[in-house]
Amino acid sequence: MSRKVLAVLFDPPPSAWADRVDVLERRGLSPARLVREIVRRSRGYETVVLDGSEHYDQVAAALIVRRRPRPRIVLTDATWSRGGSRLGRWARRLGIRAIDSPRVTYCVLSSEEMEAFPSTWGVDPERVAFTPFCVTLKDDDLAQPTSTDGGVFAGGDSRRDYHTLLEAARRTSAPVTIATGLLEGRGDIPPNVHVGRVPHERFVELLRHAAVVVVPFPAVAERSAGQQTYLNAMALGKPVIVTDSTGVRDYVEDGRTGLIVPPGDPGALAAAIEWVLDPANAAQVEQIKAAGRERATGHFTRDNYLGSIFGVLDSANGT
């Protein structure tokens with residue numbers, strides 16, 4: 001592949017990426033200036049890599065596809081929901097139509113979305129690629145000491161089913177911390193549960209000291225979510241309990257690298273939490289923790305994630 005690729009990134013890329021593309025770093029740029037810089041810098045490139053989860057990257061993509069000549073566009077992390085209201089769904093579909101063209105490829109984060117994404121958004125299935133996500137903690141974060149004195153931890157806002165977790169928490173005496181804003185204002189929080197938003201650094205600290213990390217999802221999800229939370233937890237050597245929803249089985253092997261429980265079942269979730277915390281199961285839990293850490297740090301790495309994107313770039317450029 002030639003070096004005519006522009007990538008818009010938050011962090012400096014590893015050397016393998018830097019050797020193949022030119023990078024536009026978004027840090028320090030206002031949204032309006034970022035869009036202008038993406039559009040301006042895209043001229044002369046055969047391919048532009050944008051973050052599909054970022055609204056301003058989507059705006060830039062819609063502007064770029066109207067230019068001549070049109071570069072190819074690869075949208076990573078295209079984790080989009082249709083919206084809750086009719087107006088939201090209509091606006092989202094119009095937005096996708098503004099972006100879509102035969103020169104746009106969408107990267108999704110689960111194998112199930114390879115089928116769901118084209119049918120949801122009306123795009124060509126041949127332009128949808130599965131690029132498995134990765135651990136996002138830095139080596140320094142992973143090297144910090146951990147403990148198991150933090151009880152049960154859950155966190156994140158995207159596609160979470162905290163109602164089921166609250167019901168499971170009523171069936172266990174273990175302390176539960178839920179780092180989210182989704183439960184603000186609720187008056188039915190069990191006494192063993194602490195909820196509230198936390199900054200990123202505190203979120204990582206809570207992960208580091210958790211005895212078990214729970215990531216609850218609803219039974220039906222139009223897209224995958226939560227990979228960052230449970231992959232980072234696995235990389236820290238934490239046992240994870242994840243409810244069986246879109247994309248989970250691409251990353252977690254039930255009984256070997258983590259535990260997968262049915263969605264919407266507080267009894268099954270409480271039983272899994274109790275099983276992990278029971279000293280009688282310590283040997284099996286240690287095996288799961290070790291296997292999960294090995295899988296996360298050995299397979300779901302940033303280099304492998306970028307490598308899967310390289311494959312999409314090569315395909316988009318016809319190499």
Side-chain angles (χ1 to χ4, degrees), residues 11 14 109-110 132-156 158 160 165 168-169 172 174-180 193-194 198-217 224-245 247-261 268-306:
D11 298 315
L109 301 183
S110 75
F133 201 55
C134 61
V135 172
T136 60
L137 292 177
K138 303 294 192 294
D139 290 342
D140 288 346
D141 292 317
L142 296 175
Q144 295 296 315
T146 63
S147 74
T148 59
D149 58 7
V152 180
F153 175 68
S158 181
R160 300 301 200 268
L165 178 54
T172 177
V176 179
T177 300
I178 308 177
T180 184
V193 177
H194 176 77
V198 299
H200 174 72
E201 293 76 12
R202 177 60 177 161
F203 192 103
V204 174
E205 183 180 359
L206 290 167
L207 271 182
R208 189 176 292 120
H209 295 291
V212 57
V213 175
V214 178
V215 189
F217 299 115
S224 64
Q227 292 94 339
Q228 179 170 267
T229 299
Y230 59 74
L231 287 177
N232 284 346
M234 291 162 63
L236 288 168
K238 301 297 174 178
V240 298
I241 302 172
V242 190
T243 51
D244 200 357
S245 190
V248 167
R249 293 182 183 269
D250 287 319
Y251 299 91
V252 180
E253 184 177 346
D254 185 30
R256 198 182 82 82
T257 63
L259 298 180
I260 299 176
V261 298
L269 182 53
I273 291 171
E274 289 293 315
W275 185 88
V276 170
L277 298 179
D278 188 343
N281 303 318
Q284 292 169 273
V285 171
E286 286 300 319
Q287 291 177 348
I288 291 173
K289 289 162 61 175
R293 182 166 191 166
E294 180 181 6
R295 182 65 171 165
T297 59
H299 182 74
F300 295 113
T301 64
R302 188 173 184 232
D303 282 352
N304 283 349
Y305 176 54
L306 293 178

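Residue numbers run from 1 in the order of the sequence given. The basis for the numbers below is simple: all heavy atoms, side chains too, and nothing from hydrogens, waters or symmetry mates.
Nearest heavy atom pair, residue P239 against residue A211, reads CG-O, 3.2 Å. Between A225 and S158 the shortest heavy-atom distance is CB-OG, 3.6 Å. Taking each heavy atom of V214 and A154 in turn, the nearest pair found is O-CB, 3.2 Å. Closest of all the heavy-atom pairs between A179 and V198 is CB-CG2, 3.6 Å. Looking at every heavy atom in both residues, G258 comes nearest to I288 through N-CG2, 3.6 Å. Nearest heavy atoms, G247 versus Y230: O-OH, 4.1 Å.
For F133, the ring-ring contact (aromatic ring centres under 6.0 Å, His included) criterion is met by Y305, not counting sequence neighbours. P279 pairs by the side-chain contact (heavy atoms from CB on, under 4.5 Å) definition with nothing, not counting sequence neighbours. Contacts of V193 classified as side-chain contact (heavy atoms from CB on, under 4.5 Å), with partners at least two apart in sequence or in another chain: L166, A169, V176, I178, I189, P190, V195. Every side-chain contact (heavy atoms from CB on, under 4.5 Å) that A235 has, sequence neighbours left out, goes to V135, L142, A296, T297. With sequence neighbours left out, the ring-ring contact (aromatic ring centres under 6.0 Å, His included) criterion links F217 to no other residue.
Rounding to the nearest 0.5 Å places CG of L207 at 6.5 Å from OG1 of T229. Here the straight-line distance linking atom OG1 of T136 with atom CG of N232 works out to 3.5 Å at 0.5 Å rounding. Interatomic distance, CD of Q287 versus OG1 of T257, reported as 13.0 Å (0.5 Å rounding).
In this structure, the side chains of W275 and L259 come closer than 4.5 Å at one or more pairs of heavy atoms. Side-chain contact between R160 and V215 is present, with heavy atoms from C-beta onward closer than 4.5 Å. A 4.5 Å side-chain heavy-atom check between L109 and Q227 finds at least one atom pair inside the cut-off. Between T146 and K238, some side-chain heavy-atom pair lies under the 4.5 Å cut-off.
At a threshold of 4.0 Å, the pair R208-E205 does not count as salt-bridged, since none of the basic side-chain nitrogens sits closer than that to a carboxylate oxygen.
Among pairs with a residue in residues 282-301, those fulfilling salt bridge (Lys or Arg N to Asp or Glu O under 4.0 Å) read E286-K289, at least two apart in sequence or across chains.
Dense packing is recorded around NE2 of H299, with more than 12 heavy atoms of other residues, nucleotides or ligands lying under 6.0 Å away. Residue-environment remark: CG (D139) stays at or below the threshold of 12 foreign heavy atoms within 6.0 Å.
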Using side-chain contact (heavy atoms from CB on, under 4.5 Å), reason through T243 and V248 one step at a time and then give a plain yes or no. CA-CA 8 Å; T243 51; V248 167; over 6 Å; no
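Each of V276, I273, V213 was scored for a side-chain contact (heavy atoms from CB on, under 4.5 Å) with V152, with one residue passing: I273.
In summary, the side chains of H194 and T177 do not present any donor paired with an acceptor at a separation below 3.5 Å, with no hydrogens or angles considered.
Listed for the D254 side chain is a donor-acceptor partner under 3.5 Å among the backbone atoms of I260.
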